[in-house]
Amino acid sequence: MNKFAIFAMMFAIAGYTVQAQAGGDPVAGKQKASTCAACHGADGNSTNPQFPRLAGQYADYIVQALKEYKNGGRQNPIMKNFAGKLNEQDREDLAAYFSSQHGLIQPKLNRRDNVE
Amino acid sequence: MRKQTLLRVLVLGLGIAMAGPALSAGDPHAGRLKAFTCFGCHGIPGYTNAYPNYHVPKLGGQHAQYIVKALTEYKEHKRSYPTMQAQAASLSKQDMEDIAAFFQGFKNN
């Protein structure tokens, strides 16, 4: 009974996670990301430090940022040009692709090794 | 006598000028302390803000130069998010450099 309950909970959590990421298609996103690659790197790990890493970033944050570049909430002429051409599905797909790549991490305050 | 004083001023000025670029680079140790407030949101895995609702971005391993740029844009209201505008308003250029150097130092492995 207990084992079954745990099993069911794990399934529910896994299902929820999949559903939360269901908006974008990372495979389609990879194709659409060819323009982004020039500055942000093919996998979203930019080598030029003036352009942010996108690899591993939260998908919904990427979607939000792209919307803001488009609507002027963020003022950046280069990104306004690119983001202006994207529809909601494009944003979701790009975000799904970059968020699935290995890169950015959640910082932890108690970790000292990053400054040693 | 006057020439000597002038020389001293020149040498001192040169020293300060040379120290400038070194100081402008961020110090991750200082940044660790200054970043304490940031962790209230950016340090919680999966944390989302209230409205509009999306995840607060991951900063670990992000390029320092970009973090400084983003903070500067919040300070100058070139980015619209009010919470970050308020946070960035109190930061000096040096604070931004230090905080950015700290977050850049996190490595994904």
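All values derive from a computational prediction rather than experimental measurement. In what follows, chains are A, B, ... by sequence order, proteins preceding strands, each numbered from 1.
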Check your understanding: Is the number of heavy atoms from other residues, nucleotides or ligands under 6.0 Å of A:K70 NZ greater than 12?
Key -> yes

Revision key, fill the gap. Looking only at B:P45, B:G31, B:A70, most heavy-atom pairs under 4.5 Å shared with chain A are made by B:P45

Review point. Just wondering, do A:Y69 and B:R79 contact through their side chains at under 4.5 Å, heavy atoms?
Key: yes

**Study point:** Residue part contacting chain A, namely of B:V56, when any heavy atom lies under 4.5 Å
**Key:** backbone

Practice item. Decide if atom NZ of A:K32 counts as having more than 12 heavy atoms of other residues, nucleotides or ligands within a radius under 6.0 Å. Key: yes

Study note, to complete from the structure: Whatever's closer than 4.5 Å to a heavy atom in chain A on B:K78 counts as both

Revision key, fill the gap. If one checks every heavy atom of A:N76 against chain B at 4.5 Å, the contacting part turns out to be side chain

Review point. So how far is it from B:K58 NZ to A:S99 OG, rounded to the nearest 0.5 Å?
Key: 8.0 Å

Check your understanding: Non-hydrogen atoms of chain A under 4.5 Å away: do they reach the side chain of B:H42, the backbone, both or neither?
Key -> backbone

Check your understanding: Between the side chain of A:Y58 and the main-chain N/O of B:G46, is any donor-acceptor distance below 3.5 Å?
Key -> yes

**Study point:** Residues B:S80, A:R74; criterion side-chain contact (heavy atoms from CB on, under 4.5 Å); working and verdict
**Key:** CA-CA 6 Å; B:S80 60; A:R74 291 186 181 196; 5.9 Å; no

Review point. Of the backbone (N, CA, C, O) and the side chain (C-beta and beyond), which part of B:I67 lies under 4.5 Å from a heavy atom of chain A, both, or neither?
Key: neither

Exercise for review: Would you give the length of the straight line joining atom NE2 of B:H63 to atom CG of A:N45, rounded to the nearest 0.5 angstrom?
Suggested key: 7.5 Å

Check your understanding: Checking heavy atoms, do the side chain of B:Y81, its backbone, both or neither come under 4.5 Å from chain A?
Key -> neither

